Structures are given as structure tokens and as C-alpha cells.
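One structure is given here, and the rest of the page talks about it.
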There are 2 protein chains.
Amino acid sequence: MKAVAPSEVEQRLEYLRLACRNTGMRMTHQRMEIFHEVAQCNEHPDAETIFKRVRERMPTVSHDTVYRTLASLEEMGLVRRVETVAGRARYDANGDTHHHFVCTRCGQISDFYLEQEPSIPKGIEELGRAESLQVQVRGICHNCKNN
Amino acid sequence: MKAVAPSEVEQRLEYLRLACRNTGMRMTHQRMEIFHEVAQCNEHPDAETIFKRVRERMPTVSHDTVYRTLASLEEMGLVRRVETVAGRARYDANGDTHHHFVCTRCGQISDFYLEQEPSIPKGIEELGRAESLQVQVRGICHNCKNN
DNA sequence: TTCCTATATAAGAACTATTCTTATTTGGAG
DNA sequence: CTCCAAATAAGAATAGTTCTTATATAGGAA
Ligand SMILES: [Mn+2]
Ligand SMILES: [Mn+2]
Ligand SMILES: [Zn+2]
Ligand SMILES: [Zn+2]
């Protein structure tokens, strides 16, 4: 699982600056660091992982700030919560339309892209107004299968 | 959201009896009541909801038994955990292949069926061995939109 | 620049969902 | 009926997340 290209990371940080300006939110060091942490990796980290990594550079950062900031970033549309099999919320700064393969053994979440995006199914109208569609494939990743 | 047909409920309970016999698990009153609760409704209840409802008829039932039983039922393939947007695990005794519409405001989960089931995408092979595919559509249900 | 204040943060308590521990009960085989 | 491995009740423990309160600070105004 290779890292996000530096130019892509820089672009994502630029979106954060814009989003803060547009919504009137302050551009705090904590927001920068927390978003940077999500933006630079593509392994869909959970809040605790982000907390530990940010704390290495910012030893006083609190759990609350991480959770609160992730919620703000989600509201601003800069990250999305990924549904997992169990418990913890996981976050993704990849804004491209894509889907997820979830390993039910180790929890690893990998992106995949469909050649043709599925359209919202017809019957949905009678249930509500659809806003997004996500395909989730579950199974065992190669790493787990070989152990 | 209408109830599950009594004949369907009876059939599901029959599967439970068979599954217990096959796997050597005991057919306890608690298992009956807990599974019955999930089998008779299609609103994908969470563990606490099931606990409260079962407790009305069985006042001494414990949280632990509900959680433990739901896990057993999942292992037996009689219920499945539904991924939600936030926190609590939700359970589903509808064994037909189907997908979910999740209201991001009230959390209601509704079933929908696709005319043609999507096949496992090609690129998945390089990520792992796929075992299931689920489409999740998120949006606002009619009930929430009108309030 | 300095001052002001609404917004954001740190620290840790509180809360909520879930799992664990231990003593007791019970389904179902024999 | 008897027996005992499996299951349960009760409540403590744990883990993830949110809340409370005192303090700090981003960023606009003077
Ligand atoms: Mn992703
Ligand atoms: Mn369902
Ligand atoms: Zn894995
Ligand atoms: Zn709703």
C-alpha cells in the first residue's frame, strides 16, 4: 500500500485552507496536522491511530481535538467516514469516487475503482433521496490468506 | 415498514432449530427469544433494542447473553451484521441477497433488491479473495425529509 | 502592532457499546 | 432421573467516543 503522492497531499492541504476560509473556520495548527495525517496516507486510519501519529509532533494534542476535528473535516467534505465491519470509525481523504475492499480478518481497507460507476437503483426513490452509493466487497486479503 | 409474514418467521425459527441440531448448540429459551426478535422485524435492530424487547418477556436476560447470542447466530449464518454509518452494530435476519438504503439523519435501514446482482469487480483479485458484495446507498428517507 | 473575543483546545471525567469474569443454572445425552 | 459441558445472570471491566470546564489562540478591529 504505497503512500499518497506529495503533490496530491499538497493539493489536499490547499483544499483545507480554502474550506476554512469559505466556512469561517479557523486554520489551527491542530487542524493542519490532523488533516495532513489523513491526507498523506491511504490506509484509512482510525481516530486513535491519527491521534498517536499527530502526538509525536504535537505532544499535547488531545483525543477530543482529534475526534472533533475529524467530524469537522467530514462536514466540510474533506474526509469521509468509512464503514467497517466492526467498531471503530475509519477515515479517508481520497475524494475520488471509489469503493472499498475490507479484509474481515485484519480489517485492512483497500480502494478499488469501477470501470463503470453503478447508477442509483430505480427502487430507491420510494425509500428516500439517495445521496451516495458505495460498493463494499468483503473477504480475506492476500496477506492474511498467506498466514 | 411492514412486519415479516408469520409463515416466514416460522420458517426462520425452523432454520434455527436445524442449525442448533447441526452444530450441536443447545436450543435455549434465550436463543429462541433473541432470534425471534430479530426474525420477526425488518428494521435491522441493534443489540440494545433487542435486549429491551426480549427483557419484556424474559426479565432476567442479560446484555451479555444478547451480544453473545447475536454473535453465535451470525456464525451460524442466521443473521448478518449490517454496517451502519455510526457506532452500533445492527442485525438482519433476511437471508435473501439484498442491499441497504441507510438514512443518514435517522439511521433507518431499508432493504432493496437489484434486478441484476453486480458481479465481483475484476480488480479485486489483486487485493484478496472476495466473499461478499454489498451495495449501500445513503441519503435522507422520506420520513426525515418531511420533517 | 496590540487588543479583543468568539472559536478552538487540553485535560480528564463521563458516557455508551461491548466484552470479560465468576458463580450458578440448565439442555439434553445417557 | 442424573450428570456435566455449555450457557446464562450479574455486574465489573474495557474501549471508543463525547462532554465539561478552564485556558489559549486565530484572526479581525483599532
Ligand atoms: Mn478509500
Ligand atoms: Mn436488510
Ligand atoms: Zn487481512
Ligand atoms: Zn430518516
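Quantities reported herein were computed from a predicted structural model and do not represent experimental measurements. Lettering of chains follows the sequences in order, A, B, ..., and the numbering in each one begins at 1.
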Find the distance [X]:[atom1] to [N]:[atom2] and express it as a whole number of Å.
{"X": "M58(A)", "N": "dA24(D)", "atom1": "CE", "atom2": "P", "value": "16 Å"}
{"X": "F35(B)", "N": "dA7(D)", "atom1": "CZ", "atom2": "P", "value": "17 Å"}
{"X": "E33(A)", "N": "dT9(C)", "atom1": "CD", "atom2": "C1'", "value": "15 Å"}
{"X": "E75(A)", "N": "dA8(C)", "atom1": "CD", "atom2": "P", "value": "11 Å"}
{"X": "M76(A)", "N": "dT7(C)", "atom1": "CE", "atom2": "P", "value": "15 Å"}
{"X": "D64(B)", "N": "dA6(D)", "atom1": "CG", "atom2": "P", "value": "17 Å"}
{"X": "R55(A)", "N": "dT9(C)", "atom1": "CZ", "atom2": "C1'", "value": "16 Å"}

Next on the checklist: For E125(B), give me all partners under salt bridge (charged side-chain N to carboxylate O under 4.0 Å, His left out), at least two apart in sequence or on another chain.
Outcome noted: none
Checklist entry - Knowing that exactly one of E33(B), E37(B), R90(B) qualifies, which makes a side chain to side chain contact (heavy atoms under 4.5 Å, CB included) with I50(B)? => result E37(B)
Next on the checklist: I want to confirm an ordering. Mapping R31(B) and P59(B) to their closest nucleotides on DNA chain D, which one lands closer to the 5' end?
Outcome noted: R31(B)
Residue pair [X] / [Y], side-chain donor-acceptor N/O under 3.5 Å:
{"X": "D111(B)", "Y": "N94(B)", "answer": "yes"}
{"X": "E117(A)", "Y": "H98(A)", "answer": "no"}
{"X": "S62(A)", "Y": "T65(A)", "answer": "yes"}

Checklist entry - For R68(A), which contact category applies under a 4.0 Å heavy-atom criterion: base, sugar-phosphate, or nothing? => result base
Item to check | side-chain contact (heavy atoms from CB on, under 4.5 Å) evaluation trace for V135(A) with F112(A) | outcome: CA-CA 10 Å; V135(A) 177; F112(A) 69 83; 4.2 Å; yes
Next on the checklist: Regarding E8(A) and R12(A), does a basic nitrogen lie under 4.0 Å from an acidic carboxylate oxygen?
Outcome noted: yes
Checklist entry - Starting at the 5' end of DNA chain C and moving along, which residue's nearest nucleotide shows up first, M25(A) or Y67(B)? => result M25(A)
Next on the checklist: With nearest nucleotide decided by heavy atoms, which residue, A47(B) or C20(B), maps closer to the 5′ end of DNA chain C?
Outcome noted: A47(B)
Close N or O pairs between protein and nucleotides 25-27 of chain C (under 3.5 Å):
from, atom 1, to, atom 2, distance (Å)
dG27(C), N2, R26(B), NH2, 2.9

Checklist entry - Quick one: is dA10(C) close enough that its OP1 or OP2 comes under 4.0 Å of any side-chain N or O from T65(A)? => result yes
Checklist entry - Would you say dA9(D) has OP1 or OP2 under 4.0 Å from some side-chain N or O of T60(B)? => result yes
